[in-house]
Amino acid sequence: MSQHVFKRAGFLAATVGVAGLLGAGVASAHVTANVYGPQPTKGGYAAVVFRVPSEEKDPITTTKVAVDFKADYGIGSVRTKPVPGWTAQVTKSKLPTPITKDNGTQITEAVTAVTWTAQPGSELKATDYQEFSVSFGPLPTNVDQVEFPAHQTYSDGKVVDWNQPTPANGEEPEHPAPAVKLAAKAEGDEHGMAANTAATTGEHTEAASATSDSTARWLGGAGLLVGAIGLGVGAGATIRARKATAKSGGNS
């Protein structure tokens with residue numbers, strides 16, 4: 001195959017790759033709820049990161065992000081991770097009817113919203129994004145996923161609602177609501193495996209990094225060893241060849 005054909009194939013592959021990346025960027029340009037650790041379990045606790053991109057053109061910026069927690073989930077506790085330049089406010093509401101959890105605890109007041117507001121100079125500019133981390137629970141046990149309708153406010157007063165549920169066929173709506181799937185509750189697990197997801201995620205990341213580093217070092221050492229053996233074999237062959245040549249010359 002000619003060099004020209006190789007170059008053309010490489011160009012086509014690069015073009016397809018770039019197109020794929022651009023397509024992925026367009027498809028993911030909305031508020032999402034992400035879990036960077038073990039999947040939250042029903043009845044347990046969760047650590048979720050809401051990723052918010054700013055989509056309007058300059059000079060319009062994102063100034064506020066509000067995430068709704070459905071009252072019937074009965075989530076009694078929420079903690080937010082500080083974000084430099086942003087303030088967080090947790091809203092709780094009195095429930096018309098108390099919700100009894102599996103462990104017998106009654107929830108009379110549930111979290112219904114978390115709102116982040118940018119301080120002057122910290123607004124999200126066009127093409128920027130920010131991540132807002134929260135941990136909360138206990139999660140409901142009667143649903144397979146929890147949805148968090150989000151509301152994004154821009155500096156020109158425009159509010160974009162990300163509150164459309166994804167239908168059963170999986171076809172994503174224009175403004176999908178952030179959602180997190182829940183794993184089945186493990187037997188004997190009273191609080192869920194995700195109560196310390198943030199810490200666990202850090203440990204897993206560090207362990208994975210250490211494993212990867214150890215593997216890389218081992219492979220590098222093995223490569224050096226193989227290289228040294230190769231050099232030794234090559235040097236030995238050269239010396240033997242020279243000796244054979246000298247001997248042959250001496251006998252002639």
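- Of the residues listed (Val90, Val67, Thr91), the one engaging Val78 in a side chain to side chain contact (heavy atoms under 4.5 Å, CB included) is Val90, and it is the only one.
- The backbone N or O of Val111 lies less than 3.5 Å from no partner atom in the side chain of Tyr73, so there is not a single donor-acceptor pair.
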**Study point:** Verdict with supporting geometry, Val180 and Gln39, side chain to side chain contact (heavy atoms under 4.5 Å, CB included)
**Key:** CA-CA 9 Å; Val180 173; Gln39 199 68 18; 4.2 Å; yes

Review point. Could you walk me through whether His175 and Val160 pass the side chain to side chain contact (heavy atoms under 4.5 Å, CB included) check?
Key: CA-CA 8 Å; His175 292 90; Val160 177; 3.6 Å; yes

Check your understanding: Lys42 and Val143: side chain to side chain contact (heavy atoms under 4.5 Å, CB included), yes or no, with the steps?
Key -> CA-CA 8 Å; Lys42 296 180 179 180; Val143 295; over 6 Å; no

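- Sequence neighbours left out, the pairs with a member in residues 112-121 that pass side-chain hydrogen bond (donor to acceptor under 3.5 Å, both in side chains) are Ser93-Thr112.
- For Lys101, there are no side chain to side chain donor-acceptor pair (under 3.5 Å) partners at least two apart in sequence or on another chain.
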Practice item. Give the intermediate values and the outcome of side chain to side chain contact (heavy atoms under 4.5 Å, CB included) for residues Lys94 and Thr108. Key: CA-CA 6 Å; Lys94 191 80 172 178; Thr108 59; 4.3 Å; yes

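- By the criterion of side-chain heavy atoms lying less than 4.5 angstrom apart, applied directly or through intervening Ile, Leu, Val, Met, Phe, Trp or Tyr residues, Tyr129 is not grouped with Phe50; the two fall into different hydrophobic clusters.
- Nearest heavy atoms, Pro176 versus Pro173: CD-O, 3.4 Å.
- When each of Thr62, Thr63, Thr127 is paired with Ser54, the side-chain hydrogen bond (donor to acceptor under 3.5 Å, both in side chains) condition holds for Thr62 and for no other.
- No donor-acceptor pair closer than 3.5 Å links the side chain of Gln130 to the backbone N or O of Val52.
- Under the 4.5 Å side-chain heavy-atom criterion for ILVMFWY residues, a single connected hydrophobic cluster contains both Trp162 and Val35.
- Closest approach of Ala110 and Gly74 over heavy atoms only: CB-CA, 4.1 Å.
- Ring-centre distance between Phe136 and Phe148: below the 6.0 Å cut-off.
- Atom CG of Leu182 is separated from atom CG of Asn142 by 10.0 Å, given to the nearest 0.5 angstrom.
- Residues Val31 and Ile60 are members of one and the same hydrophobic cluster, defined by side-chain heavy-atom contacts under 4.5 angstrom among Ile, Leu, Val, Met, Phe, Trp and Tyr.
- Under the 3.5 Å distance criterion, with hydrogens and angles disregarded, no donor-acceptor pair is assigned to the side chains of His151 and Asn163.
- Using a 3.5 Å distance cut-off with no hydrogens or angles, the side chains of Tyr154 and Gln152 do pair a donor with an acceptor.
- For the pair Glu123/Ser155, no side-chain contact is recorded, criterion being any heavy-atom separation below 4.5 Å from C-beta on.
- No donor-acceptor distance shorter than 3.5 angstrom exists from the side chain of Lys92 to the backbone of Ser77, with no hydrogens or angles considered.
- We find the CG-OG1 distance between Asp156 and Thr61 to be 8.5 Å, quoted to the nearest 0.5 Å.
- Taken from OG1 in Thr41 to NZ in Lys185, the straight-line distance is 8.0 Å, to the nearest 0.5 Å.
- Val114 and Leu95 sit in two unconnected hydrophobic clusters of ILVMFWY residues. Membership requires side-chain heavy atoms under 4.5 Å apart, directly or through other members.
- Taking CD from Glu172 and OG1 from Thr166, the interatomic distance works out to 6.0 Å, rounded to the nearest 0.5 Å.
- Pairing each heavy atom of Pro138 with each of Gly43, the nearest pair is CB-O, 3.8 Å.
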